[in-house]
Participant: 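Below is the structure I would like to discuss, written out as structure tokens.
Chain identifiers are assigned alphabetically (A, B, ...) following the order of the sequence lines, protein sequences preceding nucleic acid strands; residue numbering begins at 1 within each chain.
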Amino acid sequence: MDGIRQHFGIHDDALALRSKRNSILASNIANAATPHFKARDVDFEATLAKAMPDGPLATTNSRHVSRGSNLNADRLQYRDPVNPSLDGNTVELAVEQMQFSENVVRYQTSLTFLNRKVSGLLSAIKGE
Amino acid sequence: MSGIENIFDVASRAMSSQMTRLNTVASNIANARSVAGSREEAYQAIKPLFETEYANKVSENGISTVNVRGIVTADREPNKVYQPDHPKADEEGYVWGAAVNIEEEMVEMLEASRQYQNNLEVVSTLRSLMMRTVNMGR
């Protein structure tokens, strides 16, 4: 099983993180009209770097910190608005929509990579 | 109400909040030309009060949406118009028009409908992503 997971490489972690980022950006867009709401986002590269395996990590105690793409809110950061608004809301629809569409395209890219890897595995298993 | 679990909860609440906002705009515009016999009876513009609602697991997933906490009336001065022939005019011949700013309501309407569209767009995009993910490896 570990071999298959290694075969997928970074793309499964990237896909999960992109999906979480999508829901955070959707929350920002949902709160576009809420006074005092502060738009939040995740530092994608830093979070993914933490999720990347750089060798097996032995955990000999249940309280050891485990590796994985565990996205916690303390890793979320507040967006610095280009044009601050009077009501204290830092959601800017132009920014959020661009980030959202970029994130969607990158999600699809990771998905395509995963699809290729799965079909590669399948043809290796079938041996046709 | 049940908790916020996924993107559909986020978008549905945001969309119903924007719909409430559109309803208040419709009420305000409908009453823009109504008159009353006294300052107290004059129509006051109503506004929804938006507030952020966080998911229970917001510390893990960072999901939040918006809810309407209540409807408030904007306390503004009604238009006092001298119309002695109006049936509702007081003894000095004045009627009070609704305290509604039509231009402001139009802007509010445009913004609300745009934000409704934005949320709908987010849902349809994410739904097609989910469908593609479900079909992964086929």
Participant: Is B/R69 positioned over the aromatic face of B/F50, cation under 6.0 angstrom from the ring centre and no more than 45 degrees off axis?
Facilitator: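 No; the conditions do not both hold, so B/R69 does not lie above the ring face of B/F50.
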
Participant: Under 4.5 Å, counting heavy-atom pairs only, tell me which of B/L49, B/N119, B/N135 racks up the most with chain A.
Facilitator: B/N119

Participant: Report which part of B/R21 has an atom under 4.5 Å of a heavy atom belonging to chain A: side chain, backbone, both, or neither.
Facilitator: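 For B/R21, the side chain is the part near chain A, not the backbone.
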
Participant: Are the side chains of B/R13 and B/I4 in contact, using a 4.5 Å heavy-atom criterion?
Facilitator: yes

Participant: Against the six-membered ring of A/Y78, is A/K38 placed for a cation-pi contact (under 6.0 Å from the centre, within 45° of the normal)?
Facilitator: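 Not flagged: A/K38 not positioned over aromatic ring of A/Y78.
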
Participant: Which distance, rounded to the nearest 0.5 Å, do you find between the CG of A/L76 and the CZ of A/R21?
Facilitator: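 That separation rounds to 11.0 Å.
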
Participant: For chain B, find which of A/N28, A/L111, A/V118 contributes the most heavy-atom pairs closer than 4.5 angstrom.
Facilitator: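 Highest number of heavy-atom pairs under 4.5 Å: A/L111.
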
Participant: Ignoring hydrogens and geometry, is there a side-chain-to-backbone donor-acceptor pair from B/Q115 to A/A30 under 3.5 Å?
Facilitator: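 No: the side chain of B/Q115 does not pair with the backbone of A/A30.
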
Participant: Given the options A/L93, A/N22, A/N115, which has more heavy-atom pairs under 4.5 Å with chain B than any of the others?
Facilitator: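 Maximum pair count with chain B is reached by A/N115.
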
Participant: Would you say B/N28's side chain and B/I46's backbone share a donor-acceptor pair under 3.5 angstrom?
Facilitator: yes

Participant: Using a cut-off of under 4.5 Å on heavy-atom pairs, state which of A/L114, A/L25, A/V104 scores highest against chain B.
Facilitator: A/V104

Participant: Is A/E96 close to chain B through its backbone or its side chain, or both, or neither, when contacts mean heavy atoms under 4.5 Å?
Facilitator: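 For A/E96, there is no contact with chain B at all, as no heavy atom is under 4.5 Å.
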
Participant: Mind ranking A/S119, A/S23, A/A33, A/A32 by heavy-atom pairs under 4.5 Å with chain B and telling me who comes out on top?
Facilitator: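 Between A/S119, A/S23, A/A33, A/A32, the count favours A/A33.
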
Participant: For chain A, which candidate among B/A112, B/S64, B/A14 shows the most heavy-atom pairs at distances under 4.5 Å?
Facilitator: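 The answer is B/S64.
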
Participant: I need the residue from B/V122, B/V10, B/V123 with the largest number of non-hydrogen atom pairs under 4.5 Å to chain A.
Facilitator: B/V122

Participant: Is B/E51 close to chain A through its backbone or its side chain, or both, or neither, when contacts mean heavy atoms under 4.5 Å?
Facilitator: backbone

Participant: Identify which part of B/T125 has an atom lying under 4.5 Å from any heavy atom of chain A, answering side chain, backbone, both or neither.
Facilitator: side chain

Participant: Indicate yes or no for a side-chain donor-acceptor contact from A/N103 to the backbone of A/Q99 under 3.5 Å, with no hydrogens or angles considered.
Facilitator: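 Answer holds: no.
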
Participant: By a 4.5 Å heavy-atom criterion (distance strictly below it), what part of A/S19 contacts chain B: side chain, backbone, both, or neither?
Facilitator: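 Neither part; nothing is under 4.5 Å.
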
Participant: Would you mind checking which part of A/L122 comes under 4.5 Å of any heavy atom in chain B, side chain (CB onward), backbone (N, CA, C, O), both or neither?
Facilitator: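 Only the side chain of A/L122 comes within 4.5 Å of chain B.
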
Participant: B/T133 vs A/Y107, test: side-chain hydrogen bond (donor to acceptor under 3.5 Å, both in side chains). Steps then yes/no.
Facilitator: CA-CA 10 Å; B/T133 314; A/Y107 182 95; 2.8 Å; yes

Participant: Where does B/L129 contact chain A at under 4.5 Å (heavy atoms): side chain, backbone, both or neither?
Facilitator: both

Participant: Any chance you could measure A/F100, atom CZ, to B/N118, atom CG, to the nearest 0.5 Å?
Facilitator: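 Going from CZ on A/F100 over to CG on B/N118, the span is 10.0 Å.
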
